[in-house]
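A quick write-up on the structure given underneath.
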Number of protein chains: 2
Amino acid sequence: MKLSTKGRYGLRAMIDLAIHSKENQVSIKSISERQEISENYLERIIALLKKAGYVKSTRGAQGGYMLTKKPDQISVGNILRALEGDLNPVDCSLINDEKVCSESGLCVTKFVWKRISDSINDVVDNISLQDLVNEQVEIDKSQASR
Amino acid sequence: MKLSTKGRYGLRAMIDLAIHSKENQVSIKSISERQEISENYLERIIALLKKAGYVKSTRGAQGGYMLTKKPDQISVGNILRALEGDLNPVDCSLINDEKVCSESGLCVTKFVWKRISDSINDVVDNISLQDLVNEQVEIDKSQASR
DNA sequence: ACATATCCAACTTATTTGGTCGGATATGAA
DNA sequence: TTCATATCCGACCAAATAAGTTGGATATGT
Ligand code: FES
Ligand code: FES
């Protein structure tokens, strides 16, 4: 029941992008330095976010990445699902309508899984990237004044 | 972000025990047959539940397992945490006060992890084993009358 | 031309998951 | 007492997944 490093690193990368890509392109290298994540690995993570449509890129010198939308239009749920796949605690027909569970009619644990799933998705879909950026700005402010 | 088979099998085993261990001891073998879980593996899972204090055993012929408490005194959260460890999406100081996260003062993702964690635990702590037994009885009833 | 970047597939290594196996021990019943 | 039925328990194992690396191809501003 743990998120992988993809989800954790990827969320930090998106916060970093939201803060730094307002006008300029942001390179993998600079994110990697600020966030202390391996350049190579970060590249693969951002590729997933690009494929999911939350990030766009420009190649070549002075190139880099930017968000495709405003941070308040991207939820933490969007980001985590792009990186981790669905956030359901089990693969169950009731939740993701694949035909995984046989005899789902007799199954009672599915009610538990469904409620967990709903609650997780509810939380992450109601936190936007902008919310986290705001928190970060607050933290940085109080750090600066020490 | 998935539960392992331990959690899934274990919860089913506990429901089975709640239904069948009202007066008699219930053997691994019989649970394994009803739930279609390997005897050997189930044994290891139930050992965890025993260690956590939700199940007691009697050795030898006619032996087996019983619950230590009434099903309404055991929550799904109790069971899942005994089998899976904590249900937090990350190992973070804010949540489980191990000193895992360095610079937690600067970290903003922890707010996300905390809210996910709280919501999961809230759900599972508010479903009792008895609730699931009741659902199961309903399902069995409607199956019988077909 | 060249330094700076992204792009991308293949590879590697470490860890976790999902078991199995073999025996030791306990106990009710014949 | 013997035997079948159980739990107990540590060691072992294979497959899958996570986590990260490597090497090169391609694009582009200066
Ligand atoms: S877990 Fe999907 S129906 Fe039981
Ligand atoms: S994840 Fe624990 S402080 Fe950031």
Side-chain angles (χ1 to χ4, degrees), chain A residues 1-13 17 20-21 23-33 35-68 80 82-86 89-91, chain B residues 1-13 17 20-21 24-33 35-68 80 83-87 89-91 100:
Chain A
M1 237 352 222
K2 290 278 184 281
L3 245 33
S4 72
T5 52
K6 274 193 220 164
R8 290 188 281 124
Y9 294 175
L11 182 55
R12 279 163 57 198
L17 269 173
H20 294 99
S21 78
E23 40 253 8
N24 309 313
Q25 304 282 343
V26 175
S27 68
I28 293 273
K29 192 171 187 190
S30 68
I31 302 177
S32 131
E33 276 162 8
Q35 301 297 326
E36 297 181 301
I37 301 169
S38 136
E39 249 178 90
N40 288 316
Y41 194 36
L42 189 55
E43 186 183 307
R44 299 206 17 190
I45 291 171
I46 294 196
L48 294 172
L49 292 164
K50 191 191 169 190
K51 197 164 70 177
Y54 301 116
V55 148
K56 64 188 168 194
S57 64
T58 339
R59 301 178 69 166
Q62 269 58 263
Y65 296 91
M66 296 186 85
L67 297 183
T68 55
L80 293 181
L83 295 166
E84 301 275 338
D86 69 70
V90 299
D91 290 320
Chain B
M1 238 349 223
K2 290 277 184 280
L3 244 35
S4 73
T5 53
K6 274 192 221 163
R8 291 189 281 123
Y9 293 175
L11 182 55
R12 280 163 56 199
L17 269 173
H20 294 99
S21 78
N24 308 313
Q25 304 280 344
V26 175
S27 69
I28 293 272
K29 191 171 187 191
S30 68
I31 302 177
S32 131
E33 276 162 9
Q35 301 296 327
E36 297 180 303
I37 301 169
S38 135
E39 250 176 90
N40 286 316
Y41 193 36
L42 188 55
E43 188 183 306
R44 298 206 17 191
I45 292 170
I46 294 194
L48 294 172
L49 292 164
K50 191 190 168 189
K51 197 163 68 179
Y54 301 116
V55 149
K56 64 189 166 192
S57 65
T58 336
R59 300 179 69 165
Q62 270 58 260
Y65 296 90
M66 296 186 86
L67 298 182
T68 55
L80 293 182
L83 296 166
E84 301 275 338
D86 68 71
L87 299 176
V90 298
D91 290 321
V100 181

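Numbers restart at 1 for each chain; the letters A, B, ... are given by sequence-line order, proteins then strands.
- In this structure, A/Glu84 CD and B/Lys2 NZ are separated by 9.5 Å, a value rounded to the nearest 0.5 Å.
- Here the closest heavy-atom approach between residue B/Lys6 and residue B/Leu83 is recorded as O-CD1, 3.4 Å.
- Residue A/Ser57 has no polar side-chain atom (N or O) positioned under 4.0 Å from OP1 or OP2 of C/dA5.
- Nearest-nucleotide positions on DNA chain C for A/Met1 and A/Ile28 put A/Ile28 closer to the 5' end.
- Here the C1' atom of nucleotide C/dT4 and the CG atom of A/Asn24 are 15 Å apart, to the nearest Å.
- Taking atom CD1 of residue B/Ile45 and atom P of nucleotide D/dC9, one finds them 17 Å apart after rounding to whole Å.
- Taking only side-chain atoms of A/Tyr41, from C-beta outward, the nucleotide of D/dG20, C/dG28, D/dA25 with the closest atom is D/dG20.
- For B/Leu83 and C/dT16, the CG to C1' distance is 16 Å, given to the nearest whole Å.
- Per the geometry, NZ belonging to A/Lys6 stands 15 Å off P belonging to D/dT21, to the nearest Å.
- Once rounded to the nearest 0.5 Å, the distance linking OH of B/Tyr65 with CD1 of B/Ile46 reads 6.0 Å.
- Taking atom CG of B/Asp91 as the reference point, atom P of D/dA19 lies 12 Å away to the nearest angstrom.
- When the C1' atom of C/dG28 is taken as reference, atom CD of B/Gln25 falls 12 Å away, rounded to whole Å.
- Side-chain N/O atoms of B/Thr58 include none lying less than 4.0 angstrom from OP1 or OP2 on D/dT7.
- Checked against C/dC7, D/dC8, D/dA4, the side chain of B/Glu43 finds its nearest nucleotide in D/dC8.
- In this structure, B/Asn40 and A/Arg44 both approach DNA chain D, and ranking their closest nucleotides by distance from the 5' end singles out B/Asn40.
- Of all nucleotides listed (C/dT27, D/dT30, D/dG20), D/dG20 comes nearest to the side chain of A/Tyr9.
- Here A/Lys50 lies in heavy-atom contact (under 4.0 Å) with sugar-phosphate atoms only.
- Note that OG of A/Ser21 and CD1 of A/Ile31 are 8.5 Å apart. Values are rounded to the nearest 0.5 Å.
- The closest side-chain heavy-atom distance from A/Glu39 to A/Lys29 is below 4.5 Å.
- Residue A/Ile46 is out of contact with every strand shown, counting any heavy-atom pair closer than 4.0 Å.
- Of all nucleotides listed (C/dT6, D/dG29, D/dT7), C/dT6 comes nearest to the side chain of A/Arg59.
- Atom NZ in B/Lys2 sits about 17 Å away from atom P in D/dA16, given to the nearest Å.
- One atom, OH of B/Tyr65, and another, C1' of D/dT5, lie 13 Å apart when rounded to the nearest Å.
- Closest approach to the B/Thr5 side chain among C/dT6, C/dG19, D/dA18 is made by C/dG19 (side chain taken as heavy atoms from C-beta onward).
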